[in-house]
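Residue numbers run from 1 in the order of the sequence given.
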Amino acid sequence: MSGRRILTKILILWVLVLDTFIFTGYTSETELKFGPVAVLLSNEEEAYTMPVSTFINEVSFKVNVFNLHGDITRAKAVMAEILSQKPSLIFALGAKAAYIAKVWTRDRPDIPVVFAMVLNWQRYKLFEGQDNIAGIAYDVAPGTQFINMTLFSPNVQRIGVIYSKEHSSQTIEKAMESAEKLGLKLVARPISRPRNFKRAYKKISKQIEVFWIIADPVVYTLDNMSWLEEKCVKDSIICIGQSKNIAKLGVLLAMSPDTPNIGSQAASMAKSILLLNKNPKEIGVMPPLGTRLFLNVKTASKIGLVIEQYAMDMASEIIDK
């Protein structure tokens with residue numbers, strides 16, 4: 001073997017050793033300075049799989065995953081295990097995990113919490129009395145929903161919504177502002193019990209072209225949504241919601257955050273908090289980076305809505321059932 005080839009191999013080997021040393025040094029330094037990051041799941045939802053995988057790959061810290069399995073009575077045991085590891089941060093997915101992480105860090109403000117995939121996060125009062133929490137909204141902003149809606153039906157003027165004051169007052173305030181900016185009228189009617197939903201809908205159905213479904217627990221029940229799907233078709237009203245499942249039920253249009261991006265976004269937030277000393281309170285709640293649109297073309301046909309090709313092309317997924 002020539003001297004030049006030997007020298008080349010030595011240089012390549014040295015580069016590989018140097019890269020390994022640098023990477024190992026960074027990892028060791030990080031692990032010495034910070035404890036592991038704890039991922040806390042509310043349950044075994046398949047929807048958590050991709051965000052967690054992306055988060056683990058991008059966060060640059062050791063990560064341990066814990067699961068409540070949907071049982072809030074397991075909180076004490078699970079959180080005791082998490083806290084025994086002295087975590088540098090908790091990434092909580094789902095409402096139960098987010099609320100439990102909030103409660104258990106109330107007296108531990110040095111442990112930041114980043115929450116995600118919590119529908120209507122305002123109703124859990126996650127920021128009340130605490131500065132160690134930041135999050136990613138799982139509700140697509142009202143303005144974003146309205147803009148997307150007008151792409152599929154440009155002549156819309158009046159949007160109806162039913163909500164409970166207890167859970168959705170802030171959402172409705174933002175929606176009113178967004179509708180006004182877009183030249184739309186929001187016809188909002190509050191209810192206090194799920195059984196009042198059908199009566200409220202009948203009172204506003206003649207005044208609207210679109211019905212907007214929000215993630216309000218008083219409104220969003222299986223019975224109400226099943227009934228609404230049939231009524232929207234019968235009344236030829238465009239219904240829009242916030243999940244693929246509701247589009248599968250027969251709602252014309254659904255919008256939801258681009259779930260895989262949530263893990264990447266959460267990893268960036270975690271690194272900003274831990275490596276750049278960013279205050280979680282300053283970060284607050286960020287909107288999701290991307291949105292997915294689900295269009296039920298069978299429902300469009302039933303209500304006689306003609307959708308332009310450019311709008312069809314914007315849909316992330318076409319549902320024909």
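- Applying the salt bridge (charged side-chain N to carboxylate O under 4.0 Å, His left out) criterion to E209, with sequence neighbours excluded, gives R158.
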Q | Stepwise side chain to side chain contact (heavy atoms under 4.5 Å, CB included) test for W227 and Y201 | A | CA-CA 11 Å; W227 178 86; Y201 171 85; 3.5 Å; yes
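- The CG atom of D235 sits 10.0 Å away from atom NZ of K202, with the distance rounded to the nearest 0.5 Å.
- D216 places no side-chain N or O within 3.5 Å of a backbone atom of Y163 that could act as its donor or acceptor partner.
- Between the side chain of K271 and the backbone N or O of E58 there is at least one donor-acceptor pair closer than 3.5 Å.
- A distance of 12.0 Å separates CD1 of I307 from CE of M314, quoted to the nearest 0.5 Å.
- Tracing side-chain contacts under 4.5 Å through hydrophobic residues (I, L, V, M, F, W, Y), one reaches I246 starting from L228; they form part of the same cluster.
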Q.
Before you tell me yes or no, could you show the steps for M286 and M269 under side chain to side chain contact (heavy atoms under 4.5 Å, CB included), namely the whole-Å CA-CA distance, both residues' side-chain angles and the distance that decides it to 0.1 Å?
A. CA-CA 10 Å; M286 299 180 67; M269 293 169 70; 3.7 Å; yes
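- V113 is not listed as a side-chain neighbour of K102, based on a closest heavy-atom distance of 4.5 Å or more.
- Across every non-hydrogen atom of P51 and L93, the tightest pair is CB-CD2, 4.2 Å.
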Q) Can you list the steps and then say if I319 with L295 is a side chain to side chain contact (heavy atoms under 4.5 Å, CB included)? A) CA-CA 6 Å; I319 297 169; L295 175 66; over 6 Å; no
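- A donor-acceptor pair under 3.5 Å is formed between the side chain of T105 and the backbone N or O of A101.
- Between the side chain of S164 and the main chain of S192, no donor-acceptor pair closer than 3.5 Å is present.
- At most 12 non-hydrogen atoms from other residues, nucleotides or ligands lie less than 6.0 angstrom from OH of Y99.
- When all heavy atoms of I204 and G160 are compared, the closest pair comes out as CD1-CA, 4.1 Å.
- Looking at T54 and N57, their side chains never bring a donor and an acceptor atom within 3.5 Å of each other.
- Here the OG-CD1 distance, from S153 to I238, works out to 3.5 Å after rounding to the nearest 0.5 Å.
- At least one side-chain heavy atom of L252 sits less than 4.5 Å from a side-chain heavy atom of L305.
- With N196 contributing its side chain and I191 its backbone, the two residues share no donor-acceptor pair below 3.5 Å.
- Taken to the nearest 0.5 Å, the CG atom of N261 stands 10.5 Å off from the CE atom of M50.
- For E45 (side chain) and G94 (main-chain N/O), no donor-acceptor pair under 3.5 Å exists by modelled atom type.
- Inter-residue side-chain proximity for F66 and L41 is flagged as unmet; no heavy-atom pair is nearer than 4.5 Å.
- Screening L83, V78, I111 for a side-chain contact (heavy atoms from CB on, under 4.5 Å) involving W104 leaves a single residue, L83.
- Heavy atoms of other residues, nucleotides or ligands lying less than 6.0 angstrom from CD of Q85 number more than 12.
- Residues P217 and V219 fail the side-chain proximity criterion, which asks for heavy atoms closer than 4.5 Å.
- Follow the hydrophobic side-chain contacts under 4.5 Å out from I159 and you reach V140 in the same cluster.
- Criterion: ILVMFWY side-chain heavy atoms under 4.5 Å apart, direct or through other members. Under it, I318 and I303 are part of a common hydrophobic cluster.
- In this structure, Q130 CD and D107 CG are separated by 8.5 Å, a value rounded to the nearest 0.5 Å.
- N120 places a side-chain N or O within donor-acceptor distance of the main-chain N or O of A215, the cut-off being under 3.5 Å.
- When all heavy atoms of G241 and V251 are compared, the pair lying nearest together is N-CG1, 4.0 Å.
- Under the 4.5 Å side-chain heavy-atom criterion for ILVMFWY residues, no single connected hydrophobic cluster contains both V39 and I90.
- Closest approach of A188 to I172, counting heavy atoms only: CB-CG2, 4.2 Å.
- Inter-residue side-chain proximity for V161 and F211 is flagged as unmet; no heavy-atom pair is nearer than 4.5 Å.
- At least one donor-acceptor pair under 3.5 Å links the side chain of Q207 to the backbone N or O of K203.
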Q: May I have the step-by-step check of side chain to side chain contact (heavy atoms under 4.5 Å, CB included) for F61 and L275, ending in yes or no?
A: CA-CA 11 Å; F61 294 92; L275 299 177; 3.8 Å; yes
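- Looking at every heavy atom in both residues, N224 comes nearest to P194 through ND2-O, 3.3 Å.
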**Q.** CA sep, side-chain torsions, deciding dist, call: W121, F127, ring-ring contact (aromatic ring centres under 6.0 Å, His included)
**A.** CA-CA 10 Å; W121 60 267; F127 291 88; 5.7 Å; yes
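- The pair D223-K198 meets the salt-bridge criterion, with a side-chain N (NZ, NE, NH1 or NH2) lying under 4.0 Å from an Asp/Glu carboxylate O.
- At least one side-chain heavy atom of M255 sits less than 4.5 Å from a side-chain heavy atom of L293.
- Within the 3.5 Å criterion, the main-chain N or O of S243 finds no donor-acceptor partner in the side chain of S256.
- Hydrophobic clustering places M312 together with M149 (ILVMFWY residues linked when any side-chain heavy atoms are closer than 4.5 Å, directly or through intermediates).
- The shortest distance between side-chain heavy atoms of M117 and I262 falls below 4.5 Å.
- The two residues L274 and L89 have their closest heavy-atom pair at CD1-CB, 4.2 Å.
- Here the side chain of S84 pairs a donor or acceptor atom with the backbone of E81 at under 3.5 angstrom.
- Atom-to-atom distance recorded for N277:CG and E282:CD is 11.0 Å, nearest 0.5 angstrom.
- Side chains of P36 and N64 form a contact here, defined as non-hydrogen atoms less than 4.5 Å apart.
- Annotation for K231: atom NZ counts as buried by contact number, over 12 foreign heavy atoms lying within 6.0 Å.
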